[in-house]
Amino acid sequence: MSQLHTLSTQQMIQGLANKEFSSLELTNHLLNRIEKYDGQINSFITVTADLARQNAKLADELRAKGDTRPLLGVPMAHKDIFCTQGVLTTCGSKMLHNFISPYDATIVSKINEAGMVSLGKLNMDEFAMGSDNEKSYYGAVKNPWDTTRVPGGSSGGSAAAVAAGFVPMSTGSDTGGSIRQPASFCGLTGIKPTYGRASRYGMIAYASSFDQAGSFGRTALDCAYLLQAMSGHDDKDSTSIAQSVPDWIAQIQDGRNAGDKPLAGLRIGVPSEYFGGALNDQVSTAVKAALAQYEALGATLVEISLTDPEITLATYYLLAPAEAASNLARFDGVRFGYRCENPTDLQDLYTRSRSEGFGLEVQRRIIMGTYALSAGYCDAYYTKAQKVRRLVAQDFAKAFEQCDIIATPTAPTTAYAIGASLSPAEIYMGDAYTIGVNLAGLPALSHPVGFDGQGLPIGLQLIGNHWQEGQLLTMTDAYQQVTDFHQKTANLE
Ligand code: GLN
């Protein structure tokens, strides 16, 4: 019983079904672990312990009455970007320090309907803008592998909580890499599905044409369980697609019965543009070894060409702030959230509420985005970037004529030191490999493929064509059946 936190999602499902332990026992074990260790990690903004115990008890009662939903009573936690009814929802910002959401995000309702037990809300970079989780109003999150290092961002709390063994799975959001890069830094598997797969309703908007919810777990199978529960069409999000969600768990199980060359016939495209420049040697070596492992599983490697990552980076950092400037206009100190003290008039109320309520990185992006959209500059920046976005998507489409999956490093480096005082531009460069995917709306996943000389995890990114999450998850599972990087855990004792 003292090792319940080391169980995979599937082991939890089986243990609950076989009555080896109850959801309340499991929930209590994880809550105790959070209480004991999260002081070191700072992954939670809010722990909803009472609510979690109540829901765990309810799950146990329902199970006793014959309810067989597989995820009934399995614990998880949400990135604090998702609205949760009656629970503080801050998005990592002072602006929402007192915001109790009056409704649930669609993905939150769906996860509740699956019977899962949320333990609380996870720390993140403010409004999901950042790559290191140092941009949270609630303090930096520490990487469980080395608490002097960043966990990545913006879903750093989501990654750290799974890596610390507080929850087996967590939700995240990915606008430019915020699931994949923290998964890479924390030695986890993390998937961002195709744009339109999971509803954005109730996910606080950063850049709406990029934002997509996804999941973290130790393995592809963990990720698949949560993603399966979250995905599907929603009338409340006009960009969610009316398409049925395949049974990814069954696909993974089928893959396991496919013999010792389960990936025979799979063509993996390797873009030369993603292996030069700033790429750390140890990351490069581990990624190449993983590609060789994929070949051993039957896949073929094909050299392909994609848009230069530096161009995708510039495109994203024009378009995403432009959308953010517009989305964040709603935080004005009037209807909800932070309001400055003693405003002298309406203008003062707006100006001071926003200057005091938003952190510096958010203000920087609002200013950059407003500039890119302003009359006289819009054609030169915003409109041009939109055109480049189309070209980036076309380059991916062309590449997918030659291959089924694209493989790249997830990030050029492993987790860097907290307080490394990198410039904003240096931090943005770290997103070079993840951002193209969001420009094109493609599904992508990161999974662990090794460690650097300091014991820090290294991730490989796999990019699929639209709606090919199943392929990403099945091939990752095939890799995880023959390797053990995903089984190594950070030690908090
Ligand atoms: N790191 C990127 C940024 O700062 C991506 C963030 C995200 O995916 N939410 O914008």
Side-chain angles (χ1 to χ4, degrees), residues 78-82 91-93 122-136 140-141 150-159 170-186 190-193 195 198 200 203-216 309-310 312-325 327-328 358-369 372 385 389 410-413 415-416 422-446 459 461 463:
H78 286 291
K79 183 175 183 178
D80 209 15
I81 198 168
F82 296 106
C91 216
S93 183
L122 297 161
N123 207 342
M124 56 181 284
D125 282 307
E126 184 177 7
F127 286 104
M129 298 174 194
S131 311
D132 51 26
N133 233 294
E134 293 184 88
K135 313 289 184 296
S136 167
V141 178
V150 303
S154 67
S155 314
S158 301
S170 60
T171 55
S173 68
D174 191 312
T175 302
S178 277
I179 290 177
R180 291 158 285 153
Q181 184 255 22
S184 172
F185 280 14
C186 290
I191 184 165
K192 167 220 166 310
Y195 184 81
R200 291 182 302 109
M203 176 167 85
I204 296 170
Y206 159 21
S208 310
S209 76
F210 300 82
D211 297 342
Q212 191 60 203
S215 61
F216 287 92
E310 279 190 30
T312 60
L313 198 66
T315 310
Y316 170 87
Y317 276 102
L318 270 164
L319 294 178
E323 293 190 24
N327 272 326
L328 271 58
F358 288 136
L360 285 184
E361 181 62 24
V362 172
Q363 295 191 34
R364 178 180 294 119
R365 296 205 191 189
I366 292 173
I367 291 168
M368 281 200 306
R389 180 177 191 176
T410 306
T413 65
Y416 42 87
L422 302 175
S423 70
E426 284 169 320
I427 295 174
Y428 299 166
M429 297 293 274
D431 301 330
Y433 303 149
T434 48
I435 262 162
V437 161
N438 302 76
L439 291 169
L442 296 166
L445 165 159
S446 176
Q461 172 174 243
I463 305 169

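Counting convention: from 1, in listed order, for ligands and their atoms alike.
- Without hydrogens or angle criteria, S154 side chain to M129 main chain gives no donor-acceptor distance under 3.5 Å.
- Ring centroids of F127 and F358 are separated by less than 6.0 Å, placing the two rings close together.
- Contact between L122 and S170 at its shortest, heavy atoms only, is CD1-CB, 3.8 Å.
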Could you check ligand 1 for N or O atoms lying under 3.5 Å from protein N or O atoms and list the pairs with distances?
{"residue": "ligand 1", "atom": "1 (N)", "partner": "G130", "partner atom": "O", "Å": "3.0"}
{"residue": "ligand 1", "atom": "1 (N)", "partner": "S131", "partner atom": "OG", "Å": "2.8"}
{"residue": "ligand 1", "atom": "1 (N)", "partner": "D431", "partner atom": "OD1", "Å": "3.4"}
{"residue": "ligand 1", "atom": "1 (N)", "partner": "D431", "partner atom": "OD2", "Å": "3.0"}
{"residue": "ligand 1", "atom": "4 (O)", "partner": "G130", "partner atom": "N", "Å": "2.9"}
{"residue": "ligand 1", "atom": "4 (O)", "partner": "Y317", "partner atom": "OH", "Å": "3.3"}
{"residue": "ligand 1", "atom": "4 (O)", "partner": "R365", "partner atom": "NH1", "Å": "3.2"}
{"residue": "ligand 1", "atom": "4 (O)", "partner": "R365", "partner atom": "NH2", "Å": "2.8"}
{"residue": "ligand 1", "atom": "8 (O)", "partner": "T175", "partner atom": "N", "Å": "2.8"}
{"residue": "ligand 1", "atom": "8 (O)", "partner": "G176", "partner atom": "N", "Å": "2.6"}
{"residue": "ligand 1", "atom": "8 (O)", "partner": "G177", "partner atom": "N", "Å": "3.3"}
{"residue": "ligand 1", "atom": "8 (O)", "partner": "S178", "partner atom": "N", "Å": "3.0"}
{"residue": "ligand 1", "atom": "8 (O)", "partner": "S178", "partner atom": "OG", "Å": "2.7"}
{"residue": "ligand 1", "atom": "9 (N)", "partner": "A128", "partner atom": "O", "Å": "2.8"}
{"residue": "ligand 1", "atom": "9 (N)", "partner": "S154", "partner atom": "OG", "Å": "3.4"}
{"residue": "ligand 1", "atom": "9 (N)", "partner": "S178", "partner atom": "OG", "Å": "2.7"}
{"residue": "ligand 1", "atom": "10 (O)", "partner": "Y206", "partner atom": "OH", "Å": "3.0"}
{"residue": "ligand 1", "atom": "10 (O)", "partner": "Y316", "partner atom": "OH", "Å": "2.6"}
{"residue": "ligand 1", "atom": "10 (O)", "partner": "R365", "partner atom": "NH1", "Å": "2.7"}

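- For the residue pair S131 / Q181, no side-chain donor-acceptor distance below 3.5 Å is found, with atom types taken as modelled.
- Note that CZ of R180 is 10.5 Å distant from CZ of F216, once rounded to the nearest 0.5 Å.
- Scored by the side-chain contact (heavy atoms from CB on, under 4.5 Å) test, A205 finds S208, D211, N327, R330 as partners (sequence neighbours excluded).
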